[in-house]
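Below you'll find the structure, written out as structure tokens, and then a few comments.
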Amino acid sequence: MVPREDGRVRPRLLNECKGSLVGSRCEFVKAYQPERPDELERVEAAGGRVINWNGYRVLGVLATSRSIGDYYLKPYVIAEPEVTVTDRTDKDEFLILASDGLWDVVPNEVACKIARNCLSGLAASKYPESVAGSSAADAAGLLVELAMSRGSKDNISVVVVELKRLKSRKARRQNGTR
């Protein structure tokens, strides 16, 4: 998921990742879950099956329908990402890009609220012993800690990108200041 100079965001996600553009909307990109109707249809059209065995899985094995690896599940699991183009608005504050290790245990709205509170400095002022600062890295770290505390059993990767600070830095550069 990449913020672009032209004011658009072009997400390209694979595996069990999802992104949120926070501000004018919250959920942005859905994970490639094999039970999604469009993904289920694609897997079955390729000759595969989606089996509900402790969660929906391609051939009863993999809980995602698109992946860079997992060659033994080709052609049912593909490495082609969905690409969408979304126009950004002035209300867009930040992006959260995370693996299912976060999204399996933290609802989208909760993650958005926690990241917003961290970036605004509210979390650090309220909980100075637990939250170090108000940067994007601090927000991502806080979300990882939350997922671990909620018992996530999967890998947890989180990136937070502050769009408003990026916009203000760009404006300062255009005005010749730093």
Side-chain angles (χ1 to χ4, degrees), residues 1-4 6-89 91-116 136 139-163:
M1 189 172 331
V2 182
R4 300 284 300 252
D6 63 2
R8 293 181 162 175
V9 177
R10 292 171 177 83
R12 294 169 182 90
L13 302 175
L14 280 172
N15 290 15
E16 300 164 284
C17 292
K18 182 176 83 168
S20 291
L21 178 62
V22 182
S24 60
R25 54 210 169 264
C26 200
E27 190 164 324
F28 188 58
V29 177
K30 295 183 181 352
Y32 297 116
Q33 296 167 324
E35 71 269 23
R36 257 180 46 185
D38 58 334
E39 290 296 297
L40 177 63
E41 183 179 325
R42 186 191 57 71
V43 169
E44 289 177 346
R49 293 195 52 195
V50 174
I51 300 167
N52 188 354
W53 184 10
N54 198 21
Y56 289 93
R57 301 173 183 282
V58 176
L59 299 183
V61 177
L62 190 64
T64 186
S65 53
R66 297 186 187 218
S67 176
I68 294 171
D70 304 299
Y71 296 107
Y72 62 98
L73 293 173
K74 306 296 181 209
Y76 322 119
V77 175
I78 61 172
E80 181 181 328
E82 287 178 329
V83 178
T84 58
V85 177
T86 301
D87 292 325
R88 290 194 33 223
T89 72
K91 294 179 182 178
D92 295 333
E93 302 169 49
F94 54 91
L95 295 168
I96 301 173
L97 175 61
S99 65
D100 61 337
L102 175 73
W103 302 121
D104 286 349
V105 296
V106 179
N108 196 53
E109 295 76 20
V110 172
C112 294
K113 184 176 181 178
I114 287 171
R116 181 179 287 122
L142 191 57
L143 290 170
V144 168
E145 292 289 331
L146 177 61
M148 290 190 314
S149 73
R150 289 189 172 185
S152 180
K153 302 270 190 261
D154 210 334
N155 62 319
I156 307 167
S157 300
V158 180
V159 176
V160 175
V161 179
E162 295 178 86
L163 299 173

Flag the pair Val161 / Phe94 as yes when at least one side-chain heavy-atom distance between them is below 4.5 Å, and no otherwise.
no

Listed by chain and number, what are the side-chain contact (heavy atoms from CB on, under 4.5 Å) partners of Tyr72, not counting sequence neighbours?
Val61, Asp70

Please name the pair of heavy atoms, one in Ala79 and one in Ile68, separated by the smallest distance, quoted to 0.1 Å.
CB-CA, 4.2 Å

Let me confirm one number: the CG-CG distance from Asp104 to Asp154, rounded to the nearest 0.5 Å.
6.5 Å

Beyond-backbone contact of Leu59 with Tyr76, side-chain heavy atoms, under 4.5 angstrom:
yes

Suppose we screen for side-chain contact (heavy atoms from CB on, under 4.5 Å). Which residues come up paired with Val105, at least two apart in sequence or across chains?
Ala147, Arg150, Ser152

Going by the rule side chain to side chain donor-acceptor pair (under 3.5 Å), which residues pair with Arg42 if we only count those two or more places apart in sequence or in a different chain?
Glu39

For the student: nearest non-hydrogen atoms of Arg36 and Asp38, plus distance
NH2-OD2, 2.6 Å

Would you name the heavy atoms of Gly69 and Lys74 that are closest together and state the gap between them?
O-NZ, 3.2 Å

Looking at Ile156, Ile114, Val158, which hits side-chain contact (heavy atoms from CB on, under 4.5 Å) with Leu146?
Ile114

Of all heavy-atom pairs between Val43 and Ser65, which one has the smallest distance, and what is that distance?
CG2-CB, 4.3 Å

Step-by-step side chain to side chain contact (heavy atoms under 4.5 Å, CB included) determination, Arg66 to Ile78:
CA-CA 5 Å; Arg66 297 186 187 218; Ile78 61 172; 4.0 Å; yes

Shortest non-hydrogen contact from Val160 toward Ala136
O-CB, 3.1 Å

Does the pair Glu162 and Glu93 meet the rule for a side chain to side chain contact (heavy atoms under 4.5 Å, CB included), with working shown?
CA-CA 6 Å; Glu162 295 178 86; Glu93 302 169 49; over 6 Å; no

Quick one: does any side-chain atom of Ser99 pair with a main-chain N or O of Asn155 as donor and acceptor, under 3.5 Å?
yes

Glu145: side-chain contact (heavy atoms from CB on, under 4.5 Å) partners, not counting sequence neighbours:
Met148

For residues Ser67 and Leu62, report the shortest heavy-atom separation together with the two atoms involved.
CB-CD2, 4.4 Å

How long is the gap from CG on Asn52 to CZ on Arg57, to the nearest 0.5 Å?
9.5 Å

Should the heavy atoms of other residues, nucleotides or ligands under 6.0 Å from CD of Glu41 be counted, would the total exceed 12?
no

Sequence neighbours left out, what passes side-chain contact (heavy atoms from CB on, under 4.5 Å) with Leu40? Give chain and number order.
Glu44, Val50

Between Trp103 (side chain) and Asn108 (backbone), is there a donor-acceptor pair under 3.5 Å?
no

